[in-house]
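Here the structure comes first, spelled out in structure tokens, and everything after it is commentary.
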Amino acid sequence: MRRLITLSVLAALAGTTVTAAQAEPGGCLKYGAVGAVGGHVANHGVLGAVGGCVTGMYRRHVYRKEAKQKAALYDQEHPGAKGTYAQKATAYDVEHSTQPGKLTSEGATQNGAQPGQMPPQGQAAQPQQGDTHL
């Protein structure tokens, strides 16, 4: 019982420490600790830790890959911009109002405007079905 409490406390501390240090998904340490606790309950602590570690590394890899893609798009729009790929990806998210972890926003129309927003300058709003023009 004492060992289970110790593992739970260590998993909680590892999760909060890693999350406070970085804004990206947890890696091997965070997911491995959670997997170890879950595996311990099922009497497979080492297997759970390994599975959690692999999952954490994959999630972080996907996050960084998307951030680098966003940074490349930001560099195309702003040649000569300085900063890390994480900073550029965040700036791209701010400019394009995408959700973190997604390259495009959901519900965007063909011209790039969000539903209910004004179209970009120089483009006329496209009439919706049922609109009456007088």
Side-chain donor/acceptor of Arg59 to backbone N/O of Pro25, under 3.5 Å: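 The answer is no, because no donor-acceptor pair under 3.5 Å joins these two groups.
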Drop me the distance from Lys65's NZ to Lys68's NZ, to the nearest 0.5 angstrom.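 It is 11.0 Å, given to the nearest 0.5 Å.
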Once rounded to the nearest 0.5 Å, what's the spacing between atom NZ of Lys70 and atom CG of Asp75?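 Interatomic distance, Lys70 NZ to Asp75 CG, rounded to 0.5 Å: 14.5 Å.
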Suppose clustering is done on Ile, Leu, Val, Met, Phe, Trp and Tyr with side-chain heavy atoms closer than 4.5 Å. Which residues sit in the same group as Leu47?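 Result for Leu47 is none, singleton.
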Run through the side-chain heavy atoms of Ile, Leu, Val, Met, Phe, Trp and Tyr, join any pair under 4.5 Å, and report what else lands in Tyr58's cluster.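 Its cluster mates, by chain and number, are Val62.
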Which residues pass the side-chain contact (heavy atoms from CB on, under 4.5 Å) test with Ala71, sequence neighbours left out?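 Scan of Ala71 (side-chain contact (heavy atoms from CB on, under 4.5 Å), adjacent residues dropped) gives Tyr85, Lys88.
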Taking side-chain contact (heavy atoms from CB on, under 4.5 Å) as the definition, give me every residue that meets it alongside Lys82, ordered by chain and number, with sequence neighbours left out.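 Listed in chain order: nothing, the list is empty.
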Could you pull out all residues at least two apart from His78 that satisfy side-chain hydrogen bond (donor to acceptor under 3.5 Å, both in side chains)?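 With sequence neighbours excluded, His78 shows a side-chain hydrogen bond (donor to acceptor under 3.5 Å, both in side chains) to Glu95, given in chain and number order.
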Sequence neighbours excluded, which residues qualify as side-chain hydrogen bond (donor to acceptor under 3.5 Å, both in side chains) partners of Glu77?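 Residues passing side-chain hydrogen bond (donor to acceptor under 3.5 Å, both in side chains) with Glu77: His96.
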Minimum heavy-atom separation for Tyr74 to Ala91, with atom names?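 Closest approach of Tyr74 to Ala91: CE1-CB, 3.6 Å.
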If you take all heavy atoms of Ala89 and Ala67, which pair is closest and at what distance?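 So the two residues come closest at CB-O, 3.5 Å.
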Which pairs count as disulfide bond (SG atoms under 2.5 Å apart) when at least one residue sits in residues 60-89, sequence neighbours excluded?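 Pairs touching residues 60-89 that pass the test: none.
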